[in-house]
2 protein chains.
Amino acid sequence: MEDVARAADVSRALVSLVMRDSPKVSPEKREAVIRAAEQLGYRRNRLASSLASHRTHTVGVLLSDLHNPVFAAVYDGLDDRLLDTPQRLLVATGRTDPDREAEAIWTFLDLRVDAVVLVGASVPDALIAKVGERVPTVVTTRRVDDAPVDSVLTDDVAGARAAVDHLHDLGHRDIAHVASPSHLGHHDRLDGYATRMRELGLDPFVVEGDLTRAGGARAAHAMLDRDRVPTAVFAHNDVTAIGVVDALTASGLDVPGDLSIVGYDNSDLAQLGQVSLTSVDMRSEELGRTAADLVLERVGSPPLDGPRLHQLHPVLFERTSTRPVTPRDR
Amino acid sequence: MEDVARAADVSRALVSLVMRDSPKVSPEKREAVIRAAEQLGYRRNRLASSLASHRTHTVGVLLSDLHNPVFAAVYDGLDDRLLDTPQRLLVATGRTDPDREAEAIWTFLDLRVDAVVLVGASVPDALIAKVGERVPTVVTTRRVDDAPVDSVLTDDVAGARAAVDHLHDLGHRDIAHVASPSHLGHHDRLDGYATRMRELGLDPFVVEGDLTRAGGARAAHAMLDRDRVPTAVFAHNDVTAIGVVDALTASGLDVPGDLSIVGYDNSDLAQLGQVSLTSVDMRSEELGRTAADLVLERVGSPPLDGPRLHQLHPVLFERTSTRPVTPRDR
DNA sequence: CTGAAAGCGCTTACAG
DNA sequence: CTGAAAGCGCTTACAG
């Protein structure tokens with residue numbers, strides 16, 4: 001900075017002001033400083049600047065899984081909204097392992113990010129609460145109550161109901177659900193499914209999966225191994241749904257000929273022509289935009305009101321993986 | 001730190017040593033310090049620590065596109081290798097926009113990361129050279145010559161030849177290539193295709209695409225609009241190939257009945273049961289692991305030898321999107 | 001292991 | 001706009 005000041009023939013204080021984009025610098029001096037900096041290849045050390053100012057202008061985004069495009073969509077929403085602000089996004093992932101996610105979150109805290117956004121995180125509520133006490137935190141695709149963090153998610157109960165209703169309207173009565181009960185933040189999909197099934201006078205049939213394609217395939221095999229093979233399957237996310245379809249097809253069954261499948265997320269994958277999966281859109285980008293708005297409200301403001309909860313309304317997108325039930329000849 | 005020292009009844013210097021995992025601290029004192037830190041909720045400020053030590057123990061990874069799973073695979077390779085080192089990964093993306101990628105890279109530099117890894121970046125060579133002068137840099141899936149940066153990539157000429165040979169072996173003679181000539185780092189695939197076609201006495205037929213599904217669809221339409229419709233298409237990446245298949249299928253053609261398709265990358269997408277795309281595996285994870293090794297060699301060492309280049313050998317994976325040519329009745 | 005000092009590269013606040 | 005001072009929270013190097 002000293003060097004730049006000397007080259008531009010101004011004071012070090014002025015260089016600092018220019019670097020911080022202060023409005024109280026004359027255009028001429030600003031120009032001179034910028035030119036000198038460029039010539040010397042000078043770039044402000046953000047480490048030092050952040051240490052002194054207590055602001056990093058950085059928000060840390062934890063993406064649950066880089067292989068699942070639905071999280072990329074949430075990222076896009078965040079990015080759209082933060083583009084015209086001074087905040088920069090830094091992302092990390094724990095590759096769906098809770099311990100490594102926790103580690104990534106602590107790295108964000110150690111780096112003193114201005115805010116943290118959790119996208120599909122699988123860490124326990126207690127940890128999220130602790131994080132919320134240290135830095136503005138918003139969790140997406142999941143809700144955390146009784147903690148100083150904002151939640152923004154889709155109304156999954158409504159989404160699951162929409163999926164069941166869609167299949168019911170097509171005449172399906174034997175509707176299985178692939179859920180991941182052990183996975184945090186996915187209870188609502190299961191609840192919505194079970195509740196709606198009972199309301200319709202149908203028996204819920206839940207098979208365990210996880211958040212991967214392999215889990216979907218395993219769930220499909222578990223279904224086939226029983227004597228009761230459903231005519232339709234509602235999977236708790238698209239990746240799982242695709243795993244179900246793969247396994248079913250490999251077993252000689254036709255989708256949607258023999259079974260109809262509904263996914264959840266409406267990610268890029270569901271939209272692939274060859275996949276064409278009917279799916280509940282969880283409004284991923286909007287989730288990201290809303291999260292960004294919450295971040296902007298919190299960052300740099302004194303702790304305002306208590307934790308907030310935003311729920312978006314899901315929308316079912318019908319594609320070719322579902323069709324009216326055909327009577328089984330057996 | 002002072003507080004922790006007081007609570008543990010040791011000196012501030014000792015706390016610093018413990019935080020840096022120094023071996024010259026007795027187990028008892030170490031325990032006491034760790035306990036005190038935990039109790040006070042103390043975490044070392046990495047901003048301050050990095051500023052003083054000139055090391056951030058952080059490598060910045062620029063991923064070209066979070067929606068393309070092939071980059072996630074490279075990330076996985078990096079992560080595998082860096083897991084047991086003190087280095088932490090921070091990722092950023094420019095969403096395939098060169099200007100935004102450049103911005104993300106500068107953010108890494110401003111943060112003083114120990115190294116930068118570029119995965120599929122679309123910024124110009126000149127910028128990469130400038131980055132390499134400031135920090136150890138390795139670029140993957142692309143090579144940069146005449147610059148102080150390491151390159152690790154697949155032998156794309158060989159990969160393209162393998163794709164052409166595969167189709168040729170199946171009897172195809174009319175083989176189109178969807179390329180993205182404007183896109184940096186993809187010349188070799190085009191060159192390999194064109195060279196091999198000529199060697200086989202065939203006419204190269206190149207259609208322009210980009211790196212997206214939409215680009216593939218546009219390329220497919222461009223092919224259909226001509227009077228010469230090929231019997232096979234080799235697309236320069238999987239996403240493009242899928243776009244081609246989608247558009248072809250929507251136009252009433254069958255893949256592989258009417259046209260065979262080969263992709264490049266062998267990403268998650270190619271492996272989906274419903275997509276089942278024959279694809280050239282670019283060994284993405286191995287790319288990541290190799291990049292990590294190069295980073296580790298450079299970080300903290302005095303500038304050793306000159307820039308290095310690692311080339312991996314691609315492998316074609318045959319799936320159901322290709323089959324022997326069937327004579328056209330026209 | 002302690003203690004005291006200097007320094008990392010900035011920002012902040014203020015007098016002029 | 002300048003100049004000088006204090007401080008951000010650490011690390012480094014050293015004497016004891």
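The sequence lines fix the lettering, A, B, ..., with proteins before strands; numbering per chain opens at 1. Predicted model, so just to flag it, every value in this text is computed and none were measured.
- Across the protein-nucleic acid pair, Glu28(A) atom CD and dC1(D) atom P stand 7 Å apart, rounded to whole Å.
- In this structure, Arg30(B) and Arg112(B) both approach DNA chain C, and ranking their closest nucleotides by distance from the 5' end singles out Arg30(B).
- When base pairs are accepted only as Watson-Crick or G-U wobble with both N-N or N-O distances under 3.5 Å, DNA chain D takes part in stems of 3 or more pairs at C:1-3 with D:14-16, C:5-12 with D:5-12, C:14-16 with D:1-3.
- Atom C1' of nucleotide dG3(D) and atom CG of Leu17(A) are separated by 13 Å, given to the nearest angstrom.
- Classification of Asp110(B) and Arg44(A) as a salt-bridged pair fails, no side-chain N sitting under 4.0 Å from a carboxylate O.
- Distance, His57(A) NE2 to dC10(C) P: 15 Å, rounded to whole Å.
- Protein atom CG of Asn45(A) is 13 Å distant from nucleotide atom C1' of dT11(C), rounded to whole Å.
- Between Ser11(B) and dT2(C), a side-chain N or O to OP1/OP2 separation shorter than 4.0 Å is present.
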The test is side-chain hydrogen bond (donor to acceptor under 3.5 Å, both in side chains); show your working for Asp210(A) and Ser180(A) and say whether it passes. CA-CA 5 Å; Asp210(A) 50 28; Ser180(A) 179; over 6 Å; no
Every protein N/O lying under 3.5 Å from an N/O of nucleotides 12-16 of chain D:
unit_1: dT12(D); atom_1: OP2; unit_2: Arg20(B); atom_2: NH1; d: 3.0

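- Looking at every heavy atom in both residues, Tyr75(A) comes nearest to Arg95(B) through CE2-CD, 4.3 Å.
- The CZ atom of Arg6(A) sits 16 Å away from the C1' atom of dT2(D) (whole-angstrom rounding).
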Asp150(B)/Arg298(B) under salt bridge (Lys or Arg N to Asp or Glu O under 4.0 Å): CA gap, chis, key distance, verdict: CA-CA 10 Å; Asp150(B) 297 328; Arg298(B) 299 272 192 199; 2.7 Å; yes
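- Spacing between atom CZ of Arg55(B) and atom P of dC10(D) amounts to 19 Å, rounded to whole angstrom units.
- Using a 4.0 Å heavy-atom criterion, one finds that Ser26(A) contacts the sugar-phosphate atoms exclusively.
- Annotation: of the two residues near DNA chain C, Val10(B) and Leu51(A), the 5′-most nearest-nucleotide partner is Val10(B).
- The shortest distance between the side-chain N/O atoms of Arg44(A) and the OP1/OP2 oxygens of dT11(C) is below 4.0 Å.
- In this structure, the CD atom of Glu2(B) is 13 Å from the P atom of dT2(C), given to the nearest Å.
- Looking at heavy atoms from C-beta onward, Val299(A) lies in side-chain contact with Arg55(A) at the 4.5 angstrom threshold.
- Within a 6.0 Å sphere centred on CG of Asp97(B), other residues, nucleotides and ligands contribute more than 12 heavy atoms.
- Within 4.0 Å (heavy atoms only), Leu14(A) reaches sugar-phosphate atoms of the nucleic acid but no base atom.
- Exactly one of Leu287(A), Val61(A), Val138(A) qualifies for a side chain to side chain contact (heavy atoms under 4.5 Å, CB included) with Leu78(A). That residue is Val61(A).
- A salt bridge links Arg100(B) with Asp79(A): at least one charged nitrogen is closer than 4.0 Å to a carboxylate oxygen.
- If you measure from atom CG of Asp3(A) to atom P of dG9(C), you get 11 Å, rounded to the nearest angstrom.
- A salt bridge does not link Arg6(B) to Glu2(B): none of the charged side-chain nitrogens sits closer than 4.0 Å to a carboxylate oxygen.
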